[in-house]
Asker: 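The structure follows.
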Amino acid sequence: MAKMTMVQALNLALSQEMEKDDSVMVLGEDVGVDGGVFRVTDGLIDKYGDQRVIDTPLAEAGIVGMSIGMAVYGLRPVCEIQFSGFSYQNFHQIENHASRLRWRSQGRFHVPMVLRTPYSGGVRALEHHSESREAYYAHTPGIKMVIPSGPRNARALLISAIRDPDPVIFYESKALYRAFREEVPEEEETFPIGTSQIVREGTDLTMISYGTMMRPALEAASILQEKDGVETEVIDLLTISPLDDALFVQSVHKTGRAVVIHEAPGSFGPGAEIVSRIMEKAFFYLEAPIERVTGYDIIIPLFSRENSYIPSAQRIVRAAKKVLST
Amino acid sequence: MAKMTMVQALNLALSQEMEKDDSVMVLGEDVGVDGGVFRVTDGLIDKYGDQRVIDTPLAEAGIVGMSIGMAVYGLRPVCEIQFSGFSYQNFHQIENHASRLRWRSQGRFHVPMVLRTPYSGGVRALEHHSESREAYYAHTPGIKMVIPSGPRNARALLISAIRDPDPVIFYESKALYRAFREEVPEEEETFPIGTSQIVREGTDLTMISYGTMMRPALEAASILQEKDGVETEVIDLLTISPLDDALFVQSVHKTGRAVVIHEAPGSFGPGAEIVSRIMEKAFFYLEAPIERVTGYDIIIPLFSRENSYIPSAQRIVRAAKKVLST
Amino acid sequence: MPKTKIDVPGEVHFLSILNEYGNLDKTLEPDIAEDVLLKLYHYLLLGRRFDERLISLQRQGRIGTFPPISGQEAAHLGAVATMRPSDWMVPSFRETAAELWRGRTLESVILYNNGYNEGVRIPESSNDLPVSVPVGSQILHAVGLGYAIKYRQKDDVVMTFFGDGATSEGDFHEGLNFAGVFQTPVIFVCQNNQWAISMPRSKQTRSKTLAQKALSYAVPGIQVDGNDILAVYAAAQEAVASARSGEGSTLIECVTYRMAVHTTADDPKRYRTDEEVAEWQKRDPLVRFQKYLKDKGLLTDDGIEATEAEITEKIQNAVDSAEEEMKSLGNPLDMFDHAYAELPPRLIEQREALARELEEIQKESNHG
Amino acid sequence: MPKTKIDVPGEVHFLSILNEYGNLDKTLEPDIAEDVLLKLYHYLLLGRRFDERLISLQRQGRIGTFPPISGQEAAHLGAVATMRPSDWMVPSFRETAAELWRGRTLESVILYNNGYNEGVRIPESSNDLPVSVPVGSQILHAVGLGYAIKYRQKDDVVMTFFGDGATSEGDFHEGLNFAGVFQTPVIFVCQNNQWAISMPRSKQTRSKTLAQKALSYAVPGIQVDGNDILAVYAAAQEAVASARSGEGSTLIECVTYRMAVHTTADDPKRYRTDEEVAEWQKRDPLVRFQKYLKDKGLLTDDGIEATEAEITEKIQNAVDSAEEEMKSLGNPLDMFDHAYAELPPRLIEQREALARELEEIQKESNHG
Ligand SMILES: Cc1ncc(C[n+]2csc(CCOP(=O)(O)OP(=O)(O)O)c2C)c(N)n1
Ligand SMILES: Cc1ncc(C[n+]2csc(CCOP(=O)(O)OP(=O)(O)O)c2C)c(N)n1
Ligand SMILES: [Mg+2]
Ligand SMILES: [Mg+2]
């Protein structure tokens with residue numbers, strides 16, 4: 001086992017899958033010679049050549065449309081869109097085709113592609129480089145939406161995504177790319193898409209989150225325990241869609257209280273679906289209204305103010321106390 | 001007052017606004033000589049000329065990007081995207097620019113444009129012609145998302161949308177275009193964007209819906225009253241975003257029970273936000289979990305099976321009974 | 001102001017072999033086997049007659065809206081006739097005759113046009129993608145397939161179709177540029193039928209030809225008389241050979257005409273004159289090719305009649321069997337098929353809810 | 001196979017006036033007033049020195065990531081210098097010197113680069129859009145502005161900028177095509193700086209030049225030495241005059257070089273050689289223009305020193321005042337400004353929630 005950053009762990013996943021299966025291809029802007037602007041694809045072109053690690057012209061619809069064709073042929077393209085803020089240029093290729101070629105061809109073709117793209121703020125990035133729009137993809141039938149929260153699960157989920165027979169949008173948190181290291185085993189590890197995880201057990205309150213927000217959520221859980229003795233159960237969704245509601249519903253059955261946290265704007269955000277599932281499946285267990293702690297319904301501000309936009313542990317603690325005090 | 005279809009009422013709105021204000025422009029594919037594939041822009045080119053009613057080349061990003069430039073200059077472009085299923089081709093222009101040029105220029109520029117596009121199924125249309133994706137736009141900061149439900153409010157809302165200083169996505173129900181006629185006054189009528197309406201009063205149950213689904217919702221309300229004496233309050237949202245939660249929250253305070261209806265896929269759909277607002281603002285009034293009656297989380301099927309996909313009055317009645325029996 | 005002229009590489013040519021009066025340029029006549037010529041004739045006529053039948057079915061409410069192909073049969077048939085079965089076809093939505101040539105059944109067309117997904121059941125042996133309605137979007141898939149073929153060191157080629165209107169879409173540009181950069185074995189066939197719904201070719205772009213747009217990507221471009229099946233065949237044959245031998249892509253602009261409505265929901269009287277249509281009717285690809293085959297002694301009036309009869313029967317059988325098949329396609333639950341490889345839990349819940357609903361409706365109607 | 005050659009209209013020329021050795025083609029020398037020449041020199045130098053200062057500020061953590069312009073000053077300055085104030089500039093993100101020329105303050109650049117929205121406060125008198133990061137997307141706004149100007153029968157023009165990489169985006173294609181069709185008064189200036197991050201121009205497209213892409217839209221295209229400010233000026237002047245007189249658009253490809261990093265987050269050593277950079281350093285637009293002015297007797301060594309001193313002070317003042325201003329920009333609540341013309345109820349709630357939160361934090365820290 002080696003201690004790795006998320007960037008290194010993702011690189012390991014790509015490299016190992018490419019080694020094992022010559023149908024796995026990497027393509028995108030600056031993914032080859034440059035190794036990707038965040039270096040996630042670093043060194044792959046040296047190992048696997050420029051036929052498999054493809055530096056493309058600057059055209060997102062081109063990248064995704066080409067990936068669809070490759071996937072239909074039977075390859076397993078992993079394309080990178082340099083920032084999620086530029087994945088709307090290819091949105092029609094996802095909506096009109098990637099998501100529905102299986103259905104449109106009655107199963108004759110399918111699109112086993114992965115679209116990797118960095119999301120979320122917190123790294124003092126340029127305009128258009130800090131958005132969180134997982135809700136768009138979660139609402140789109142036919143695709144899967146995955147967001148890992150650390151090196152180890154990122155590596156395992158990326159391998160599962162590559163092997164998945166359906167298209168997967170794979171959001172990578174810029175803020176977590178190099179934030180911390182984790183032990184990542186050399187040998188292959190996968191993690192089933194569509195499955196969430198309890199990362200901290202508790203009985204008083206359920207916190208549901210994913211991606212970048214797992215760290216402030218866990219920090220809030222610690223604060224609540226230390227300062228108020230509150231035992232918080234924290235769930236890491238890992239997959240946003242298809243949403244694994246079983247685990248958090250079960251948790252709310254136990255705790256009766258919940259806080260949902262994400263960085264994306266609150267209104268019509270992913271949290272709304274989580275709240276609705278709890279409403280549907282655990283209403284009579286609820287002791288207080290669920291709180292959502294989210295980004296505001298505005299464009300995430302330029303970086304000098306982004307910290308006030310992004311939910312903090314303090315904001316989460318405050319919401320938790322509100323839920324607990326009802 | 002004349003009895004008009006929604007198509008005619010929308011045409012009246014466009015014509016009157018163009019008459020009154022020479023900064024109002026219409027552009028899109030086939031909107032000029034052909035009068036639009038649904039004839040919403042019929043005759044406008046004869047009245048206002050081909051400088052103001054612009055047949056564009058076949059390029060949606062081009063249409064929306066050009067509209068943004070026109071709007072920045074001070075014109076009021078009303079562009080048509082022929083079907084909402086082809087509005088993803090221009091999604092980046094909405095996400096990256098239309099929604100945020102006011103913010104990006106600190107108020108120096110703004111984008112008073114309207115993007116009109118037909119949505120929803122029910123008219124035996126071709127593939128990609130029947131989608132409902134209002135949730136994408138509702139989740140996008142900086143824009144407004146409006147969906148009228150009949151000729152009169154369509155006309156009034158379109159005028160308000162044209163006059164609105166911010167970009168408005170204006171979804172028009174294909175199923176309602178010619179479904180029925182309503183009295184539409186010749187004299188100007190507007191309707192405030194961001195305001196919903198009670199269209200049937202009741203005390204036992206609140207139904208919240210919009211657009212195409214208003215008719216089955218109202219039909220369900222009638223059935224419930226006739227067969228079971230249930231008094232349903234029916235709310236027509238009209239604007240999806242910014243969401244007017246005050247009215248439906250107030251209604252749920254009174255009824256304690258709610259059903260939310262839309263044609264879009266259920267998961268991460270607009271209904272989730274409505275449920276969440278009720279959770280937030282009327283939790284302690286709720287007597288039963290809210291039911292969502294929606295399209296399934298799949299691509300709307302080709303037209304031979306679309307009727308089983310689109311929520312029907314019967315399905316709504318069943319959901320209402322479930323809510324009432326808890 | 002004097003400047004140095006840059007030598008922009010590439011020329012654009014126009015190819016015509018069998019002109020609108022049925023006159024043949026012998027020097028250019030492609031060498032096509034007789035059985036292939038007759039098969040081409042069969043499919044040209046089949047395309048035309050099937051179109052006519054579909055229009056009448058549509059008018060009777062027996063199928064939904066669809067895009068007729070009349071007038072364009074040669075432009076797409078001549079192109080696909082140069083391909084092998086293992087090659088890939090990436091269609092738009094106005095290449096029905098080509099799809100039939102490639103093995104799609106008439107039944108499947110009818111089912112699809114009547115709103116049944118089952119109409120896009122594609123046999124495992126077929127390498128043809130389903131029709132693509134979002135204009136221009138399929139072009140990029142062809143490039144991806146081409147890249148994959150090249151990567152796998154196969155000598156198959158990909159042929160993709162689109163209209164004149166599609167050349168305005170960003171996807172056209174990105175696709176052609178990728179094809180140039182990656183030298184993929186893709187033949188881009190533009191059926192320039194003069195109209196994109198109500199938009200005439202002249203207003204779609206100020207460019208003199210569509211073929212010349214290829215030069216922006218260092219891809220060869222050629223314009224052909226798309227109503228001349230020999231010219232289409234010859235140009236496609238050259239492009240296919242070039243792609244197969246690793247020399248990359250070609251853009252072929254077939255100058256043709258949509259003789260019928262855009263779709264059955266369209267009223268062309270709003271935007272074009274009867275005279276224009278009449279003018280183009282004189283250039284009918286079918287009439288011209290018939291004359292050619294007769295001149296060649298390959299076709300007689302009896303032969304024409306026999307082909308007509310054979311086709312009438314084929315179409316009637318297809319209509320009958322499609323309408324028979326539709327009776328068994330009533331199950332709404334099938335809409336959940338092929339959403340994902342494996343149905344996720346939420347979709348299982350939704351499918352079960354619909355199943356219960358259908359049962360209740362069944363019960364209610366039994367008791368009602 | 002013999003075919004008829006189609007005469008594709010349009011030629012592409014290359015324009016160079018002051019070559020890399022500072023030699024002038026007298027016959028082509030544009031007629032620019034002396035004060036304008038000196039002003040151009042001032043802004044060329046300002047662009048260069050400001051870039052250098054911004055890089056050092058970035059290295060010190062006093063601003064965030066930003067895209068330097070060094071080497072490209074002439075390519076964008078020469079172009080905007082031909083415009084009137086009432087004309088419109090639609091920038092990409094690598095035209096800082098042009099923005100300064102047009103009236104943007106150095107302070108605003110610093111604020112923006114340090115993550116303050118206040119850096120895009122645009123005066124009412126200015127017709128310049130804010131920088132646009134999504135590559136190629138702004139091109140379409142220029143076309144819309146051009147359409148509006150034409151509709152209002154004004155004789156203003158629009159000039160939009162983008163890089164070589166941007167020509168691969170669908171928006172470039174759609175924009176140029178619309179400009180051709182609607183004959184809008186838009187000048188498209190492509191700063192071909194040879195690289196799109198790590199992607200060399202040669203792999204971005206197989207097309208020999210970017211200028212020739214204009215021919216696909218029946219728009220004139222010209223390639224100029226982008227490090228030769230006289231050539232850029234001359235080409236832009238002609239394009240502006242043509243647009244102003246109602247003759248539509250021109251695409252100008254300025255062949256230049258990004259001498260520095262793509263952004264301060266980039267490491268060019270990964271993808272290009274020091275030799276290549278050194279080769280281009282010899283063609284520095286600033287050195288060349290300096291020689292020209294000296295030869296012309298407009299500039300002396302003293303004059304150069306004085307300009308340097310003036311610029312150093314200007315920059316220092318700007319840094320000081322920007323850093324002073326930033327101190328007063330701490331209020332997080334300002335993030336809700338300019339979201340909509342009027343804040344909707346939900347945003348009022350959210351703003352209030354944040355205000356309460358900030359108050360509580362204030363209180364806690366007072367008591368802590
Ligand atoms: C992206 C997209 N935009 C709009 C439409 C609606 N539409 C269908 S066909 C068509 C015209 C297509 O013209 P052309 O490419 O010339 O093909 P043709 O119909 O003439 O065969 C339009 C606008 C669509 N299907 N897809
Ligand atoms: C649509 C989009 N895709 C990707 C990016 C990330 N990105 C920023 S600049 C750049 C390269 C741009 O190259 P070019 O157009 O040549 O301009 P240059 O940076 O050389 O000035 C890329 C890929 C972006 N900003 N926008
Ligand atoms: Mg056409
Ligand atoms: Mg560049």
Side-chain angles (χ1 to χ4, degrees), chain A residues 22-23 25 27 51-52 54-75 77 89-90 92-93 95-97 99-113 141-144 164-167 193-194 239 241-246 277 280, chain C residues 88 90 108 117-124 126-134 136-152 154 156 158 160 169-171 173-182 184 186 335-347 349:
Chain A
D22 72 359
S23 64
M25 317 281 281
L27 67 159
Q51 291 300 299
R52 293 183 65 195
I54 312 165
D55 274 320
T56 66
L58 211 176
E60 289 75 18
I63 293 165
V64 175
M66 175 160 152
S67 299
I68 292 171
M70 291 166 81
V72 163
Y73 193 83
L75 301 182
Q89 270 75 354
N90 59 251
H92 58 294
Q93 287 290 343
E95 234 298 340
N96 289 336
H97 290 292
S99 67
R100 54 177 93 181
L101 256 166
R102 176 186 291 282
W103 173 79
R104 298 191 57 243
S105 68
Q106 290 277 292
R108 167 68 183 87
F109 301 116
H110 63 127
V111 184
M113 67 175 276
I143 57 175
K144 301 180 179 180
D164 198 279
D166 288 309
I193 287 175
T239 297
S241 167
L243 184 62
D244 178 13
D245 58 26
R277 296 283 176 97
E280 192 179 310
Chain C
W88 289 74
V90 181
S108 103
N117 244 61
E118 285 76 359
V120 281
R121 259 191 225 127
I122 298 166
E124 275 305 315
S126 163
N127 279 344
D128 293 357
L129 263 62
V131 300
S132 175
V133 170
S137 59
Q138 72 282 1
I139 294 173
L140 287 161
H141 311 158
V143 176
L145 286 164
Y147 191 98
I149 288 169
K150 200 173 163 184
Y151 170 64
R152 289 302 192 197
K154 295 283 192 289
D156 293 324
V158 188
T160 184
E169 287 280 1
D171 285 357
H173 174 71
E174 300 190 10
L176 269 283
N177 192 43
F178 276 52
V181 168
F182 296 122
T184 50
V186 180
M335 72 170 88
F336 289 93
D337 294 353
H338 307 298
Y340 291 90
E342 217 178 300
L343 217 55
R346 187 65 170 182
L347 279 173
E349 288 175 19

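Proteins get letters first, then strands, A, B, ... in listed order; numbering begins at 1 in each. What's counted below: heavy atoms across the whole structure, side chains too, no hydrogens, waters or symmetry copies.
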Asker: Which value, rounded to the nearest 0.5 Å, describes the distance between C/Phe178 atom CZ and A/Thr56 atom OG1?
Answerer: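 Separation between the atoms: 4.5 Å.
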
Asker: I need the minimum non-hydrogen distance between C/Val158 and C/Gly146, along with the two atoms involved.
Answerer: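 Smallest interatomic distance, heavy atoms only, reads CG2-N, 3.7 Å.
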
Asker: Taking all atoms of both residues into account, what is the closest heavy-atom pair of A/Gly194 and A/Asp244, and its distance?
Answerer: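 Minimum heavy-atom separation between A/Gly194 and A/Asp244: O-CB, 3.3 Å.
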
Asker: Side chain from CB out, backbone as N, CA, C, O: work out which of these in A/Leu243 comes under 4.5 Å of a heavy atom of chain C, or both, or neither.
Answerer: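 Contact with chain C: none, neither part.
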
Asker: With heavy-atom distances below 4.5 Å as the criterion, would you say the side chains of A/Arg104 and A/Phe109 are in contact?
Answerer: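 Side chain of A/Arg104 against side chain of A/Phe109, heavy atoms only: no contact under 4.5 Å found.
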
Asker: Mind checking salt bridge (charged side-chain N to carboxylate O under 4.0 Å, His left out) for A/Arg102 and listing every partner two or more places apart, or none if nothing turns up?
Answerer: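 Expected list: A/Asp166.
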
Asker: Any chance you could measure A/Tyr73, atom OH, to C/Asp156, atom CG, to the nearest 0.5 Å?
Answerer: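 These two atoms lie 6.0 Å from each other.
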
Asker: With a 4.5 angstrom heavy-atom cut-off, which part of C/Leu347 approaches chain A: side chain, backbone, both or neither?
Answerer: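 No part of C/Leu347 comes within 4.5 Å of chain A.
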
Asker: Does any non-hydrogen side-chain atom of A/Glu280 lie less than 4.5 Å from one of A/Asp245?
Answerer: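 Answer no - side chains too far apart.
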
Asker: With chain A, which of C/Arg121, C/Lys150, C/His338 has the greatest number of heavy-atom pairs at distances under 4.5 Å?
Answerer: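 If we count pairs closer than 4.5 Å to chain A, C/His338 comes out on top.
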
Asker: Under 4.5 Å from any heavy atom of chain C, what part of A/Ile54 do you find: side chain, backbone, both or neither?
Answerer: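 Just the side chain, heavy atoms under 4.5 Å.
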
Asker: Looking at chain A, which one of C/Leu129, C/Val90, C/Ile139 has the largest number of heavy-atom pairs inside 4.5 Å, strictly under?
Answerer: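 The candidate making the most pairs under 4.5 Å is C/Leu129.
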
Asker: Select one option (side chain, backbone, both, neither) describing which atoms of A/Glu60 are under 4.5 Å from chain C's heavy atoms.
Answerer: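 Contact with chain C: backbone only.
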
Asker: Do you know the tightest heavy-atom contact between C/Ala142 and C/Val186?
Answerer: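 In terms of heavy atoms, the two residues are closest at O-CG2, 3.4 Å.
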
Asker: Check each atom of C/Ser126 against the heavy atoms of chain A and say whether the ones under 4.5 Å are side chain, backbone, both or neither.
Answerer: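 Contact with chain A involves the backbone of C/Ser126 alone.
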
Asker: Measure up the A/His97 and C/His141 rings against each other and bin them: parallel (under 30°), tilted (30 to 60°), perpendicular (over 60°).
Answerer: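 It falls in the perpendicular class, over 60°.
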
Asker: Name the region of A/Asp22, side chain, backbone, both or neither, that has any atom closer than 4.5 Å to a heavy atom of chain C.
Answerer: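 For A/Asp22, the contact with chain C is made by backbone and side chain together.
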
Asker: Can you check whether A/Leu101 reaches C/Pro130 side chain to side chain, under 4.5 Å on heavy atoms?
Answerer: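 Contact flag for A/Leu101/C/Pro130 side chains = yes.
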
Asker: C/Glu174 versus C/Val143: any side-chain heavy-atom pair under 4.5 Å?
Answerer: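 No, their side chains stay 4.5 Å or more apart.
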
Asker: Does any backbone or side-chain atom of A/Asn90 lie under 4.5 Å from a heavy atom of chain C? Answer side chain, backbone, both or neither.
Answerer: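 The answer is neither part of A/Asn90.
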
Asker: At a 4.5 Å cut-off on heavy atoms, which part of A/Ser105 comes close to chain C: side chain, backbone, both, or neither?
Answerer: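 Answer is both: backbone and side chain atoms of A/Ser105 are under 4.5 Å from chain C.
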
Asker: Distance from C/Asp128 atom CG to A/Arg108 atom CZ, nearest 0.5 Å?
Answerer: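 The distance works out to 9.0 Å.
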
Asker: Among C/Glu118, C/Arg152, C/His173, single out the residue with the greatest number of heavy-atom pairs under 4.5 Å to chain A.
Answerer: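 Among the listed options, the one with the most contacts to chain A is C/Arg152.
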
Asker: Below 4.5 Å from any heavy atom of chain A, which atoms of C/Tyr147 appear? Answer side chain, backbone, both or neither.
Answerer: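 Just its side chain gets close to chain A.
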
Asker: Which bit of A/Arg100 comes within less than 4.5 Å of chain C, counting heavy atoms only: side chain, backbone, both or neither?
Answerer: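 Neither part.
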
Asker: For chain A, find which of C/Asn177, C/Thr184, C/Val131 contributes the most heavy-atom pairs closer than 4.5 angstrom.
Answerer: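 Looking at each option in turn, the highest pair count goes to C/Val131.
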
Asker: For C/Asp337, is it the side chain, the backbone, both, or neither that has a heavy atom closer than 4.5 Å to a heavy atom of chain A?
Answerer: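 For C/Asp337, the contact with chain A is made by the backbone alone.
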
Asker: Pick from A/Pro77, A/Gly65, A/Pro141: which one has the most heavy-atom pairs with chain C under 4.5 Å?
Answerer: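 Option with the top pair count is A/Gly65.
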
Asker: Taking side chain as everything from C-beta outward and backbone as N, CA, C, O, which of these in C/Ile149 sits under 4.5 Å from a heavy atom of chain A? Side chain, backbone, both or neither.
Answerer: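 Both backbone and side chain.
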
Asker: For the atom pair OH (C/Tyr340) and CG (A/Asp164), what is the distance rounded to the nearest 0.5 Å?
Answerer: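 These two atoms lie 9.5 Å from each other.
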
Asker: Looking at A/Gln89, A/Arg52, A/Arg277, which one has more heavy-atom pairs under 4.5 Å with chain C than the rest?
Answerer: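 Heavy-atom pair counts peak at A/Arg277.
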
Asker: Return the option, out of C/Pro344, C/Ala341, C/Gly175, with the maximum number of heavy-atom pairs under 4.5 Å with chain A.
Answerer: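 Among C/Pro344, C/Ala341, C/Gly175, the one with the most close pairs to chain A is C/Ala341.
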
Asker: With a 4.5 angstrom heavy-atom cut-off, could you sort out which part of A/Pro57 is near chain C: side chain, backbone, both or neither?
Answerer: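 Both parts, backbone and side chain.
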
Asker: In terms of heavy-atom pairs under 4.5 Å, which option from A/Ala61, A/Pro242, A/Ser99 contacts chain C the most?
Answerer: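 Looking at each of A/Ala61, A/Pro242, A/Ser99 in turn, A/Ala61 comes out on top.
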
Asker: Is A/Gln51 in contact with chain C via its backbone, its side chain, both, or neither, using a 4.5 Å heavy-atom distance?
Answerer: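 Both backbone and side chain.
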
Asker: Is it the backbone or the side chain of C/Arg346 that comes under 4.5 Å from a heavy atom of chain A, or both, or neither?
Answerer: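 Side chain of C/Arg346 only, per the 4.5 Å heavy-atom cut-off to chain A.
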
Asker: Test of understanding: with side-chain hydrogen bond (donor to acceptor under 3.5 Å, both in side chains), list the residues that count as partners of A/Gln106, not counting sequence neighbours.
Answerer: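 side-chain hydrogen bond (donor to acceptor under 3.5 Å, both in side chains) list for A/Gln106, sorted by chain: empty.
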
Asker: Would you mind checking which part of C/Glu169 comes under 4.5 Å of any heavy atom in chain A, side chain (CB onward), backbone (N, CA, C, O), both or neither?
Answerer: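 C/Glu169 has no heavy atom closer than 4.5 Å to chain A.
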
Asker: Counting only heavy atoms closer than 4.5 Å, note whether C/Ala339 contacts chain A via side chain, backbone, both or neither.
Answerer: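 Contact with chain A involves the backbone of C/Ala339 alone.
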
Asker: So which residue, A/Ala246, A/Gly107, A/Gly142, A/Pro165, ends up with the most heavy-atom pairs under 4.5 Å with chain C?
Answerer: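 Greatest number of close heavy-atom pairs with chain C: A/Gly142.
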
Asker: Judged by modelled atom types alone, do C/Asp171 and A/His92 share a side-chain donor-acceptor pair under 3.5 Å?
Answerer: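 Their side chains do contain a donor-acceptor pair, which is all the 3.5 Å distance test asks for.
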
